[in-house]
Amino acid sequence: MDASGLPGRRELPIHRPLMTSPAAAEPILKTSHLLGIEGLSVEEITGLLDLAERYVALNRGASKKIDLLKGRTLINLFFESSTRTQSSFELAGKRLSADVMNMSVKSSSVSKGETLVDTATTLNAMRPDMLVVRHQDSGAAELLSHKLDCCVVNAGDGSHEHPTQALLDALTIRRRRGGFEGLIVAICGDVLHSRVARSNIHLLLMMGARVRLVAPRTLLPADADRFGVEIFHDMEKGLAGVDIVMMLRLQLERMSGAFIPSTREYFRFYGLDHQKLKVAKPGALVMHPGPMNRGVEIDSAVADDIEISVIQEQVEMGVATRMAVLDALSRGLATEGRPARVARKGEGAP
Ligand code: NCD
(Lines give C-alpha, C1' and ligand atoms only; values in the text may rest on other atoms or scores of the structure.)
Protein backbone atom coordinates (compact mmCIF):
# COMPACT_ATOMS: atom_id res chain seq x y z
CA MET A 1 0.00 0.00 0.00
CA ASP A 2 1.28 3.47 -0.75
CA ALA A 3 0.96 6.87 0.88
CA SER A 4 -2.40 7.52 -0.76
CA GLY A 5 -3.82 4.60 1.20
CA LEU A 6 -4.73 2.74 -1.97
CA PRO A 7 -3.32 -0.62 -2.94
CA GLY A 8 -1.72 -1.55 -6.21
CA ARG A 9 -0.39 1.85 -7.21
CA ARG A 10 2.85 1.60 -9.11
CA GLU A 11 5.59 4.20 -8.99
CA LEU A 12 4.65 6.89 -11.44
CA PRO A 13 7.07 8.92 -13.48
CA ILE A 14 7.25 12.55 -12.40
CA HIS A 15 5.47 14.68 -14.95
CA ARG A 16 6.49 18.27 -15.32
CA PRO A 17 3.42 20.50 -15.05
CA LEU A 18 2.74 22.83 -17.94
CA MET A 19 3.59 26.28 -16.67
CA THR A 20 3.22 28.14 -19.94
CA SER A 21 1.74 27.45 -23.31
CA PRO A 22 4.17 25.32 -25.32
CA ALA A 23 5.75 27.42 -28.07
CA ALA A 24 5.38 25.07 -31.00
CA ALA A 25 3.04 22.39 -29.78
CA GLU A 26 3.04 19.13 -31.72
CA PRO A 27 -0.30 18.06 -33.16
CA ILE A 28 -1.87 15.18 -31.21
CA LEU A 29 -5.20 14.74 -32.95
CA LYS A 30 -5.61 14.32 -36.68
CA THR A 31 -9.14 15.72 -36.67
CA SER A 32 -10.49 19.10 -35.61
CA HIS A 33 -13.30 17.56 -33.53
CA LEU A 34 -13.53 14.92 -30.82
CA LEU A 35 -16.73 13.05 -31.62
CA GLY A 36 -15.92 9.57 -30.38
CA ILE A 37 -13.22 7.09 -29.46
CA GLU A 38 -14.06 5.03 -32.54
CA GLY A 39 -11.82 6.35 -35.27
CA LEU A 40 -9.00 7.49 -32.97
CA SER A 41 -5.65 5.73 -33.18
CA VAL A 42 -3.58 4.25 -30.34
CA GLU A 43 -1.09 7.11 -30.86
CA GLU A 44 -3.79 9.76 -30.55
CA ILE A 45 -5.14 8.19 -27.34
CA THR A 46 -1.66 7.81 -25.87
CA GLY A 47 -0.82 11.39 -26.84
CA LEU A 48 -3.95 12.69 -25.07
CA LEU A 49 -3.23 10.62 -21.94
CA ASP A 50 0.38 11.81 -21.79
CA LEU A 51 -0.75 15.41 -22.10
CA ALA A 52 -3.49 14.90 -19.48
CA GLU A 53 -0.85 13.55 -17.12
CA ARG A 54 0.92 16.90 -17.26
CA TYR A 55 -2.34 18.67 -16.46
CA VAL A 56 -2.82 16.43 -13.41
CA ALA A 57 0.46 17.84 -12.13
CA LEU A 58 -0.62 21.41 -12.92
CA ASN A 59 -3.98 20.92 -11.17
CA ARG A 60 -2.26 19.65 -8.05
CA GLY A 61 -0.18 22.81 -7.75
CA ALA A 62 -1.19 26.05 -6.04
CA SER A 63 -1.57 28.00 -9.28
CA LYS A 64 -3.73 26.04 -11.70
CA LYS A 65 -4.02 28.44 -14.56
CA ILE A 66 -2.06 28.92 -17.80
CA ASP A 67 -2.79 31.27 -20.69
CA LEU A 68 -2.99 28.64 -23.44
CA LEU A 69 -6.54 29.53 -24.55
CA LYS A 70 -6.45 33.21 -23.72
CA GLY A 71 -8.77 35.08 -26.07
CA ARG A 72 -10.55 31.88 -27.14
CA THR A 73 -14.24 31.28 -26.48
CA LEU A 74 -15.62 27.94 -25.32
CA ILE A 75 -19.35 27.27 -25.26
CA ASN A 76 -20.76 24.41 -23.19
CA LEU A 77 -24.11 23.49 -24.75
CA PHE A 78 -25.91 20.93 -22.60
CA PHE A 79 -29.31 19.56 -23.62
CA GLU A 80 -29.22 16.97 -20.81
CA SER A 81 -28.53 17.57 -17.16
CA SER A 82 -24.98 17.05 -15.98
CA THR A 83 -22.95 17.81 -12.89
CA ARG A 84 -19.54 16.27 -13.42
CA THR A 85 -19.07 16.64 -17.16
CA GLN A 86 -20.31 20.21 -17.50
CA SER A 87 -18.46 21.51 -14.44
CA SER A 88 -15.25 19.79 -15.41
CA PHE A 89 -15.33 21.20 -18.96
CA GLU A 90 -16.01 24.61 -17.41
CA LEU A 91 -13.06 24.31 -15.04
CA ALA A 92 -10.85 22.91 -17.79
CA GLY A 93 -11.63 25.89 -20.04
CA LYS A 94 -11.10 28.39 -17.24
CA ARG A 95 -7.81 26.87 -16.14
CA LEU A 96 -6.60 27.29 -19.71
CA SER A 97 -7.83 30.94 -19.64
CA ALA A 98 -10.61 30.58 -22.24
CA ASP A 99 -13.80 32.60 -21.89
CA VAL A 100 -16.37 29.95 -21.01
CA MET A 101 -20.10 30.28 -21.54
CA ASN A 102 -22.44 27.63 -20.14
CA MET A 103 -25.75 27.15 -21.86
CA SER A 104 -28.29 24.66 -20.66
CA VAL A 105 -31.41 23.78 -22.55
CA LYS A 106 -33.79 25.12 -19.95
CA SER A 107 -32.56 28.65 -20.50
CA SER A 108 -32.28 28.37 -24.28
CA SER A 109 -34.73 28.82 -27.12
CA VAL A 110 -34.87 25.06 -27.66
CA SER A 111 -37.61 25.01 -25.06
CA LYS A 112 -39.42 27.47 -27.34
CA GLY A 113 -39.19 25.06 -30.28
CA GLU A 114 -35.92 26.03 -31.94
CA THR A 115 -34.13 23.13 -33.64
CA LEU A 116 -30.72 21.89 -32.58
CA VAL A 117 -29.16 23.20 -35.79
CA ASP A 118 -30.82 26.63 -35.43
CA THR A 119 -29.49 26.94 -31.89
CA ALA A 120 -26.04 25.88 -33.00
CA THR A 121 -25.89 28.21 -35.99
CA THR A 122 -27.00 31.08 -33.77
CA LEU A 123 -24.17 30.28 -31.37
CA ASN A 124 -21.81 29.86 -34.31
CA ALA A 125 -22.50 33.46 -35.35
CA MET A 126 -21.05 34.50 -31.99
CA ARG A 127 -17.77 32.99 -33.20
CA PRO A 128 -16.85 30.50 -30.54
CA ASP A 129 -13.62 28.57 -31.00
CA MET A 130 -14.89 25.42 -29.33
CA LEU A 131 -18.29 23.95 -28.63
CA VAL A 132 -18.81 21.17 -26.09
CA VAL A 133 -22.18 19.52 -26.63
CA ARG A 134 -24.29 16.98 -24.79
CA HIS A 135 -27.50 15.84 -26.41
CA GLN A 136 -30.04 13.07 -25.96
CA ASP A 137 -29.77 11.95 -29.60
CA SER A 138 -26.99 9.77 -30.95
CA GLY A 139 -25.19 11.59 -33.74
CA ALA A 140 -26.04 15.12 -32.52
CA ALA A 141 -22.39 16.12 -32.01
CA GLU A 142 -21.41 14.89 -35.44
CA LEU A 143 -24.28 16.77 -37.06
CA LEU A 144 -23.11 19.98 -35.41
CA SER A 145 -19.53 19.39 -36.49
CA HIS A 146 -20.73 19.61 -40.11
CA LYS A 147 -22.66 22.83 -39.52
CA LEU A 148 -20.26 24.83 -37.35
CA ASP A 149 -16.91 26.49 -37.97
CA CYS A 150 -15.48 25.70 -34.55
CA CYS A 151 -14.10 22.52 -32.92
CA VAL A 152 -16.86 20.30 -31.55
CA VAL A 153 -16.38 18.04 -28.55
CA ASN A 154 -18.95 15.32 -27.89
CA ALA A 155 -19.80 15.35 -24.17
CA GLY A 156 -22.27 12.49 -24.62
CA ASP A 157 -24.73 11.87 -27.48
CA GLY A 158 -27.65 9.58 -26.65
CA SER A 159 -26.42 6.05 -26.12
CA HIS A 160 -23.67 6.45 -28.73
CA GLU A 161 -20.35 7.81 -27.34
CA HIS A 162 -18.87 9.80 -24.48
CA PRO A 163 -15.20 10.00 -25.48
CA THR A 164 -13.84 12.18 -22.67
CA GLN A 165 -15.34 9.79 -20.09
CA ALA A 166 -13.49 6.85 -21.65
CA LEU A 167 -10.28 8.90 -21.79
CA LEU A 168 -10.50 9.90 -18.13
CA ASP A 169 -11.26 6.29 -17.20
CA ALA A 170 -8.21 5.24 -19.19
CA LEU A 171 -6.05 7.82 -17.45
CA THR A 172 -7.25 6.54 -14.06
CA ILE A 173 -6.49 2.94 -15.04
CA ARG A 174 -3.10 3.74 -16.57
CA ARG A 175 -1.99 5.63 -13.44
CA ARG A 176 -3.02 2.71 -11.25
CA ARG A 177 -1.92 -0.22 -13.37
CA GLY A 178 0.78 1.23 -15.59
CA GLY A 179 -0.92 0.20 -18.85
CA PHE A 180 -3.73 -1.82 -20.39
CA GLU A 181 -2.08 -4.84 -21.98
CA GLY A 182 -3.59 -8.03 -20.57
CA LEU A 183 -5.89 -6.32 -18.05
CA ILE A 184 -9.36 -7.82 -17.69
CA VAL A 185 -12.04 -5.17 -17.33
CA ALA A 186 -15.65 -6.05 -16.52
CA ILE A 187 -18.21 -3.44 -17.61
CA CYS A 188 -21.35 -4.21 -15.65
CA GLY A 189 -24.97 -3.16 -15.76
CA ASP A 190 -26.98 -1.12 -18.24
CA VAL A 191 -24.74 -1.53 -21.28
CA LEU A 192 -27.69 -1.14 -23.65
CA HIS A 193 -28.25 2.55 -22.88
CA SER A 194 -24.66 3.45 -22.04
CA ARG A 195 -22.50 5.72 -24.17
CA VAL A 196 -19.84 5.32 -21.47
CA ALA A 197 -19.73 1.56 -22.13
CA ARG A 198 -19.48 2.01 -25.90
CA SER A 199 -16.59 4.48 -25.69
CA ASN A 200 -14.79 2.37 -23.10
CA ILE A 201 -15.17 -0.82 -25.14
CA HIS A 202 -13.55 0.84 -28.16
CA LEU A 203 -10.73 2.34 -26.12
CA LEU A 204 -9.91 -0.64 -23.92
CA LEU A 205 -9.87 -3.16 -26.78
CA MET A 206 -7.71 -0.86 -28.88
CA MET A 207 -5.24 -0.46 -26.02
CA GLY A 208 -4.89 -4.21 -25.48
CA ALA A 209 -7.22 -4.94 -22.53
CA ARG A 210 -9.77 -7.76 -22.43
CA VAL A 211 -13.33 -6.60 -21.93
CA ARG A 212 -16.22 -8.48 -20.38
CA LEU A 213 -19.79 -7.24 -20.42
CA VAL A 214 -21.82 -8.42 -17.44
CA ALA A 215 -25.54 -7.70 -17.62
CA PRO A 216 -29.00 -9.21 -17.86
CA ARG A 217 -30.00 -10.01 -21.45
CA THR A 218 -32.49 -7.14 -21.48
CA LEU A 219 -29.72 -4.59 -20.81
CA LEU A 220 -27.32 -5.74 -23.53
CA PRO A 221 -27.49 -4.66 -27.16
CA ALA A 222 -28.64 -7.55 -29.39
CA ASP A 223 -25.36 -7.42 -31.32
CA ALA A 224 -23.08 -7.10 -28.25
CA ASP A 225 -20.96 -10.08 -29.31
CA ARG A 226 -19.83 -8.26 -32.44
CA PHE A 227 -17.76 -5.87 -30.28
CA GLY A 228 -15.13 -8.55 -29.60
CA VAL A 229 -15.97 -8.80 -25.90
CA GLU A 230 -16.90 -11.72 -23.62
CA ILE A 231 -20.47 -11.74 -22.41
CA PHE A 232 -21.76 -12.87 -19.02
CA HIS A 233 -25.20 -12.78 -17.48
CA ASP A 234 -24.02 -13.82 -14.05
CA MET A 235 -21.96 -11.49 -11.81
CA GLU A 236 -20.05 -14.28 -10.07
CA LYS A 237 -18.83 -15.74 -13.35
CA GLY A 238 -18.29 -12.35 -14.97
CA LEU A 239 -16.25 -10.91 -12.12
CA ALA A 240 -14.02 -13.97 -11.59
CA GLY A 241 -10.39 -12.90 -11.82
CA VAL A 242 -10.99 -9.38 -13.18
CA ASP A 243 -8.58 -6.47 -12.58
CA ILE A 244 -11.14 -3.68 -12.93
CA VAL A 245 -14.89 -3.53 -12.31
CA MET A 246 -16.58 -0.68 -14.12
CA MET A 247 -20.14 -0.18 -12.91
CA LEU A 248 -22.77 1.59 -15.00
CA ARG A 249 -25.77 3.57 -13.83
CA LEU A 250 -29.16 2.10 -14.53
CA GLN A 251 -30.35 4.73 -17.06
CA LEU A 252 -34.00 4.77 -16.06
CA GLU A 253 -34.62 7.97 -18.06
CA ARG A 254 -33.77 6.15 -21.30
CA MET A 255 -36.00 3.15 -20.59
CA SER A 256 -39.49 2.92 -21.95
CA GLY A 257 -41.18 -0.14 -20.50
CA ALA A 258 -39.75 -2.60 -18.02
CA PHE A 259 -36.16 -3.69 -18.59
CA ILE A 260 -35.82 -5.02 -15.06
CA PRO A 261 -38.43 -6.47 -12.68
CA SER A 262 -37.56 -4.03 -9.83
CA THR A 263 -34.53 -2.09 -8.63
CA ARG A 264 -34.47 -4.26 -5.48
CA GLU A 265 -34.21 -7.42 -7.48
CA TYR A 266 -31.65 -5.79 -9.78
CA PHE A 267 -29.44 -4.98 -6.81
CA ARG A 268 -29.69 -8.55 -5.57
CA PHE A 269 -28.37 -10.00 -8.83
CA TYR A 270 -26.34 -7.18 -10.39
CA GLY A 271 -25.61 -4.66 -7.63
CA LEU A 272 -21.91 -4.61 -6.71
CA ASP A 273 -21.22 -5.39 -3.05
CA HIS A 274 -18.21 -6.77 -1.19
CA GLN A 275 -19.61 -10.28 -1.39
CA LYS A 276 -19.81 -10.30 -5.20
CA LEU A 277 -16.36 -8.68 -5.41
CA LYS A 278 -14.72 -11.59 -3.60
CA VAL A 279 -14.18 -13.49 -6.86
CA ALA A 280 -12.35 -10.58 -8.54
CA LYS A 281 -8.56 -10.34 -8.43
CA PRO A 282 -7.35 -9.22 -4.97
CA GLY A 283 -7.02 -5.42 -5.06
CA ALA A 284 -9.30 -5.11 -8.11
CA LEU A 285 -10.35 -1.52 -8.67
CA VAL A 286 -13.95 -0.33 -8.72
CA MET A 287 -14.99 2.47 -11.07
CA HIS A 288 -18.24 4.32 -11.78
CA PRO A 289 -18.71 7.33 -14.10
CA GLY A 290 -21.33 8.83 -11.79
CA PRO A 291 -23.94 9.78 -10.93
CA MET A 292 -24.40 6.64 -8.82
CA ASN A 293 -27.64 5.01 -7.80
CA ARG A 294 -26.54 3.74 -4.41
CA GLY A 295 -28.28 0.51 -3.49
CA VAL A 296 -29.27 -0.11 -7.12
CA GLU A 297 -26.10 -0.83 -9.14
CA ILE A 298 -23.60 -0.31 -6.32
CA ASP A 299 -23.56 -0.73 -2.58
CA SER A 300 -22.47 2.35 -0.62
CA ALA A 301 -19.94 0.27 1.31
CA VAL A 302 -18.11 -0.50 -1.96
CA ALA A 303 -18.49 2.97 -3.49
CA ASP A 304 -16.98 4.59 -0.38
CA ASP A 305 -14.27 1.99 0.24
CA ILE A 306 -11.09 3.96 -0.42
CA GLU A 307 -9.06 0.75 -0.58
CA ILE A 308 -10.69 -0.21 -3.88
CA SER A 309 -12.94 2.57 -5.18
CA VAL A 310 -11.32 5.12 -7.53
CA ILE A 311 -14.55 6.99 -8.23
CA GLN A 312 -13.32 10.33 -6.85
CA GLU A 313 -10.03 9.91 -8.67
CA GLN A 314 -12.00 9.56 -11.91
CA VAL A 315 -13.53 12.97 -11.23
CA GLU A 316 -10.09 14.49 -10.68
CA MET A 317 -8.76 12.91 -13.88
CA GLY A 318 -11.80 14.33 -15.70
CA VAL A 319 -10.59 17.92 -15.38
CA ALA A 320 -7.04 17.09 -16.53
CA THR A 321 -8.33 14.98 -19.41
CA ARG A 322 -10.64 17.72 -20.64
CA MET A 323 -7.81 20.25 -20.42
CA ALA A 324 -5.73 17.92 -22.60
CA VAL A 325 -8.56 17.57 -25.12
CA LEU A 326 -9.09 21.34 -25.34
CA ASP A 327 -5.34 21.88 -25.63
CA ALA A 328 -4.99 19.24 -28.38
CA LEU A 329 -7.92 20.62 -30.38
CA SER A 330 -6.70 24.20 -30.02
CA ARG A 331 -3.49 23.24 -31.82
CA GLY A 332 -5.51 22.98 -35.01
CA LEU A 333 -7.22 26.36 -34.60
CA ALA A 334 -6.25 29.12 -36.98
CA THR A 335 -4.21 31.86 -35.37
CA GLU A 336 -5.74 34.42 -37.73
CA GLY A 337 -9.39 35.45 -37.60
CA ARG A 338 -11.74 33.62 -39.93
CA PRO A 339 -14.36 35.00 -42.30
CA ALA A 340 -17.98 34.88 -41.18
CA ARG A 341 -19.77 31.77 -42.35
CA VAL A 342 -22.45 32.67 -44.88
CA ALA A 343 -25.62 30.69 -44.28
CA ARG A 344 -26.55 28.80 -47.42
CA LYS A 345 -30.09 28.07 -48.46
CA GLY A 346 -31.74 25.43 -46.32
CA GLU A 347 -28.88 25.34 -43.83
CA GLY A 348 -31.04 26.24 -40.86
CA ALA A 349 -33.09 23.08 -41.23
CA PRO A 350 -32.15 19.91 -39.34
C1 NCD B 1 -22.53 9.47 -17.70
C2 NCD B 1 -23.31 10.08 -18.84
O3 NCD B 1 -23.91 11.12 -18.73
O4 NCD B 1 -23.30 9.44 -19.88
N5 NCD B 1 -22.20 10.35 -16.69
C6 NCD B 1 -21.16 11.19 -16.81
O7 NCD B 1 -20.91 11.77 -17.84
N8 NCD B 1 -20.39 11.33 -15.74
C9 NCD B 1 -23.12 8.25 -17.20
C10 NCD B 1 -24.51 8.29 -16.69
O11 NCD B 1 -25.25 9.26 -16.84
O12 NCD B 1 -24.90 7.28 -16.11
Side-chain angles (χ1 to χ4, degrees), residues 29 31-37 69 71-168 195-196 198-199 251 253-254 289-291 315 318-319 321-330 332-333 338 340-341 343 347-350:
L29 291 170
T31 55
S32 42
H33 310 288
L34 180 66
L35 303 177
I37 296 294
L69 298 184
R72 301 288 189 187
T73 303
L74 166 73
I75 298 182
N76 268 332
L77 177 61
F78 277 64
F79 292 87
E80 275 184 356
S81 54
S82 164
T83 319
R84 264 155 284 261
T85 309
Q86 183 165 351
S87 56
S88 89
F89 268 112
E90 181 179 355
L91 259 189
K94 287 181 171 165
R95 287 184 181 172
L96 297 175
S97 300
D99 294 316
V100 183
M101 186 183 93
N102 287 314
M103 230 182 113
S104 69
V105 73
K106 282 181 204 70
S107 57
S108 82
S109 300
V110 176
S111 50
K112 298 181 191 158
E114 192 174 74
T115 68
L116 166 67
V117 174
D118 280 336
T119 306
T121 42
T122 302
L123 294 176
N124 196 46
M126 297 176 193
R127 293 169 170 265
D129 298 286
M130 294 176 171
L131 180 87
V132 175
V133 62
R134 167 170 287 191
H135 196 273
Q136 58 280 6
D137 293 339
S138 301
E142 191 186 339
L143 174 71
L144 294 187
S145 74
H146 296 307
K147 302 279 177 190
L148 270 62
D149 300 316
C150 62
C151 305
V152 174
V153 183
N154 181 8
D157 61 329
S159 49
H160 176 227
E161 278 234 39
H162 190 354
T164 56
Q165 180 68 43
L167 287 164
L168 75 88
R195 50 200 177 203
V196 174
R198 229 159 294 260
S199 290
Q251 310 235 328
E253 78 280 14
R254 295 190 208 283
V315 178
V319 180
T321 300
R322 284 158 184 141
M323 289 169 87
V325 166
L326 298 179
D327 176 340
L329 288 173
S330 75
L333 286 173
R338 59 181 154 79
R341 186 189 175 97
E347 218 171 36

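The shortest distance between side-chain heavy atoms of D137 and L116 does not fall below 4.5 Å. By the 4.5 Å heavy-atom criterion applied to side chains, R84 and P291 are counted as neighbours. L326 has its side chain within reach of L69: a pair of non-hydrogen atoms, C-beta onward, lies under 4.5 Å apart. You'll find the side chain of R322 reaches within 4.5 Å of the side chain of T85, heavy atoms only. Side-chain atoms of M126 and T73, non-hydrogen and from C-beta on, never get closer than 4.5 Å to each other.
In plain terms, the two heavy atoms of V152 and S145 that are nearest each other are CG2-CA, 3.7 Å. Across every non-hydrogen atom of D118 and T115, the tightest pair is N-OG1, 3.0 Å. Across every non-hydrogen atom of P163 and S199, the tightest pair is N-OG, 3.7 Å. The nearest pair of heavy atoms linking D327 to S330 is O-OG, 2.7 Å. Closest heavy-atom contact between L333 and M130: CD1-CE, 4.1 Å. The two residues A155 and V132 have their closest heavy-atom pair at CB-CG1, 3.6 Å.
Rounding to the nearest 0.5 Å gives a distance of 12.0 Å between CZ of R72 and CG of L96. To the nearest 0.5 Å, atoms CG (L123) and CG (L148) are separated by 7.5 Å. Between D129 atom CG and L74 atom CG the span is 9.0 Å, to the nearest 0.5 Å. The distance from atom OG1 of T119 to atom NE2 of H135, rounded to the nearest 0.5 Å, is 8.5 Å. Note that the CG atom of N154 and the CD atom of E142 stand 9.5 Å from one another [nearest 0.5 Å]. Remark: M103 CE to N76 CG distance equals 11.0 Å, nearest 0.5 Å.
When atom types are taken as modelled, the side chain of N124 and the backbone of D149 share a donor-acceptor pair closer than 3.5 angstrom.
Taking the ring centre of F78 as origin, the terminal cationic atom of R134 falls outside the region bounded by 6.0 Å and 45° from the ring axis.
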Check step by step if side chain to side chain contact (heavy atoms under 4.5 Å, CB included) holds for N102 and F89.
CA-CA 10 Å; N102 287 314; F89 268 112; over 6 Å; no
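Checked against I37 for a side-chain contact (heavy atoms from CB on, under 4.5 Å), the options R198, H162, Q165, E161 give a single hit: E161.
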